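Let me begin by presenting the structure, written as structure tokens, before commenting on it.
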Amino acid sequence: MTTTGKVIVWGVVAVLVIWGIVSMSKKDGTESETIKIGFIGPLTGDTANIGQNAQAAVAIAVEEVNNSGGVLGKKVEVVYEDDGCNGATAANAVSKLINTDKVVAILGGACSGATLGSAPIAEAAKVVQLSYCSTNPTISSAGDYIFRDVPSDLFQANYAAEYLVRNGKTKVALLTVKNDWGDGLNKAFTDALAKAGGTIVIADSFDPDVKNLKAQFTNIKAKNPDAVYFVAYTDASIAGLKQASDLGIKAQFFGADAWDDTKIWSELGSLGNGAMFTVVGTNSTDAFKAKMKVKLGKDDLIYCSNYAYDGLKVIAEAIKLARRATGPAIKDALYKVKYTGGVSAKELMFDKNGDPTSAAYVIKVAKDGKLSELAQ
Amino acid sequence: MIFWQLTLYAISVGMFFSVLAMGWGLILRSAKFFNLAYGGAFLVGGYMMFLFYRMWNVHFVFSILLSLFGSGLYMLLSYKFIFSVLLRRKAKSLILLIASFGLLTATSAILGMIFGNQSTLIARHLSDIYTVNVFGAVLNLAQVVAIVFVPVLIFVFAYIRSSTRFGRAMRAIEDDSEVAELVGIPKDKTLLQIFFISGTLAGLGGIAEGFDLGLIPTSGLIIILPTIVATVVGGMQSFWGGILGAFILAIAQQLTIVFFGGSWVQAVPFVILIIMLLLRPQGILKR
């Protein structure tokens with residue numbers, strides 16, 4: 001090879017190397033211009049509606065944050081990942097968000113299983129994870145970096161127990177689904193009822209895929225309780241309430257937040273009359289509902305979406321307070337932040353477990369297939 | 001009162017599993033393998049009933065006939081295109097079991113895609129299934145129909161089995177299918193009929209389940225396990241064995257809920273199965 005040839009080859013190599021360095025540093029430049037926040041939620045599968053609804057709410061929150069100048073002079077960017085309402089998928093999604101997208105905080109998941117499955121990864125990587133819909137009590141102790149802005153089921157059980165005793169329903173039968181959610185509520189309700197001055201006359205549970213609760217309800221009927229605290233998901237609730245009505249149980253039926261599924265009441269029709277349940281209250285505004293309608297193209301607002309919207313806003317607030325977008329700084333700031341004027345609760349602060357300090361519940365009552373809020 | 005109520009519940013559950021064990025036992029004794037696709041026919045019957053009766057508002061009687069035909073056809077076609085081919089190749093019963101399990105899984109996955117994974121109720125209004133007072137206890141319409149109608153069905157089948165030409169052919173194949181073929185019994189045709197009838201019985205179970213509790217796509221597998229237990233406990237080689245096993249199972253489940261609590265109810269069939277296999281592996285009744 002001639003000298004000229006060598007010069008040309010080396011020249012080409014040099015140009016390529018310089019071009020490569022320049023383009024890489026340019027990419028680095030754009031990355032540091034935005035603050036990345038991860039989002040996980042069930043975007044496919046059974047509970048996809050909850051995830052997609054929350055995604056829309058988060059998108060609205062991001063636009064609002066960026067239109068008012070962003071955070072630390074930078075724009076906020078959200079990376080959305082699907083967790084399929086499943087712990088293993090959520091864990092993968094969180095690993096990807098932390099290692100590939102280098103997010104500084106994660107919003108999600110919706111399902112308690114997804115949050116519990118992915119929390120150890122966020123905790124180990126010192127990245128804040130804030131759930132907008134998971135109510136299982138064990139999330140309180142899932143780690144220092146794990147937060148949620150929805151209240152734990154402990155509050156819900158207290159609220160239900162106090163309501164029942166206040167209304168003279170002191171003899172209560174307890175029937176709960178055998179999983180993390182049902183067991184958590186079972187224990188919390190038993191403690192809360194004893195404290196409120198009521199007694200559990202009979203307690204039983206059932207497997208999640210069982211719908212034949214006839215023998216359980218026969219036992220319950222024999223004890224003649226004032227109320228039945230029945231913790232179940234949609235399918236078992238429909239079958240169970242029908243079987244209880246077949247048996248002619250006259251007690252007050254009281255359920256948990258999963259009863260906020262309209263399918264239960266439209267299937268049961270008049271058979272569900274008088275059944276009550278607690279559900280987390282929201283501070284939703286008409287303006288927010290209108291924005292959601294524009295975003296989704298239909299009138300649909302799931303209560304968790306209020307919490308997803310506020311979740312993003314409160315993370316942005318914490319980054320501003322910390323003046324740095326790093327995991328430990330955001331974590332410390334979240335414990336100090338006081339966020340007001342949200343659409344979920346009037347005021348949001350976190351206690352030492354990363355749970356909201358206050359919880360507002362409403363009681364809904366079913367009549368002829370429709371739900372209405374009980375005036376208190 | 002509680003005892004009488006639970007007795008009635010045990011009887012109605014026993015009737016439900018009797019139908020399923022009867023249909024499943026037919027295939028087990030004639031084709032000699034554990035046909036899990038039986039759960040698929042259960043689902044096909046139930047979901048077809050939902051489609052015709054609730055979604056398309058077809059008259060009850062036509063819906064039920066179409067659904068029973070559909071579930072029978074499902075089982076018949078599964079024999080024609082899958083099991084008969086494998087049987088002709090003298091495949092081991094393990095291979096047949098795996099093939100039938102595959103068919104069940106595919107069926108529930110497809111039905112899940114079409115109808116969703118949430119519970120599907122056949123009744124147009126749940127209040128249509130009104131309750132009847134039976135000497136102080138209550139039963140709903142679906143349970144009353146089961147208690148009245150299933151014994152009739154069982155005796156009709158017992159009669160067909162003992163006294164008709166088809167019944168004799170069936171028993172001959174159960175005894176020894178090769179000898180039966182040698183003496184001129186049309187084995188393939190008889191097996192097709194057996195699979196069809198077995199499918200309609202599974203479909204009937206699916207329809208009852210859809211009216212009483214609601215169907216989910218995994219019901220097919222959930223229901224086949226106690227059916228197997230009932231048949232094995234009662235005696236695999238006996239027509240009456242499956243029915244006896246069904247009632248033992250139903251009574252044991254009710255007693256478990258009363259004495260140990262509802263979360264144990266799924267475990268009980270298998271405890272009975274293990275004890276039975278240790279003490280008397282051929283089942284309570286012999287042929």
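Owing to the predicted nature of the structure, the values given are computational and were not obtained by experimental measurement. Just so it is clear: chains get the letters A, B, ... in the order the sequence lines come, proteins before strands, and each one is counted from 1.
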- Could you tell me whether A:Asp191 and A:Lys187 have a side-chain N and a carboxylate O separated by less than 4.0 Å? yes
- Query: Please walk me through it: do B:Val232 and B:Met276 pass side-chain contact (heavy atoms from CB on, under 4.5 Å)?
  - Reply: CA-CA 8 Å; B:Val232 172; B:Met276 201 61 207; 5.9 Å; no
- Contact class of B:Thr131 relative to chain A, heavy atoms under 4.5 angstrom: side chain
- Check the pair A:Leu164 / A:Phe189 against side-chain contact (heavy atoms from CB on, under 4.5 Å), numbers first and verdict last. CA-CA 11 Å; A:Leu164 288 172; A:Phe189 185 82; 3.9 Å; yes
- Message: Using 0.5 Å steps for rounding, measure from the CG atom of B:Leu139 to the CD1 atom of B:Ile147.
- Response: 5.0 Å
- Item | Under 4.5 Å from any heavy atom of chain B - which part of A:Leu247 | both
- So, the part of A:Asn219 with a heavy atom under 4.5 Å from chain B: the answer is both
- Message: Nearest 0.5 angstrom please: A:Ile238 CD1 to B:Leu213 CG, how far?
- Response: 12.0 Å
- Item | Proximity breakdown for B:Ile129 and chain A, heavy-atom pairs closer than 4.5 Å | both
- Message: With rounding to the nearest 0.5 angstrom, report the CD1 to OG distance, B:Ile207 to B:Ser67.
- Response: 4.5 Å
- Considering only NZ, NE, NH1 and NH2 on the basic side and carboxylate oxygens on the acidic side, decide whether A:Asp260 and A:Lys364 come within less than 4.0 Å. yes
- Task: Select one option (side chain, backbone, both, neither) describing which atoms of B:Ile257 are under 4.5 Å from chain A's heavy atoms.
- Result: both
- Task: Select, from A:Lys178, A:Gln243, A:Gln216, the one with the greatest count of heavy-atom pairs under 4.5 Å involving chain B.
- Result: A:Gln216
- Interface moiety of A:Ser205 toward chain B, non-hydrogen atoms closer than 4.5 Å: both
- Message: Could you check, using the six-membered ring where one of them is a Trp, whether A:Phe217 and B:Tyr9 have ring centers closer than 6.0 angstrom?
- Response: no
- Query: Which bit of A:Ala222 comes within less than 4.5 Å of chain B, counting heavy atoms only: side chain, backbone, both or neither?
  - Reply: side chain
- So what's closer than 4.5 Å to chain A heavy atoms on B:Val13: side chain, backbone, both or neither? side chain
- Query: Is it the backbone or the side chain of A:Lys242 that comes under 4.5 Å from a heavy atom of chain B, or both, or neither?
  - Reply: side chain
- Most heavy-atom pairs under 4.5 Å with chain A, out of B:Leu126, B:Val265, B:Val258, belong to B:Leu126
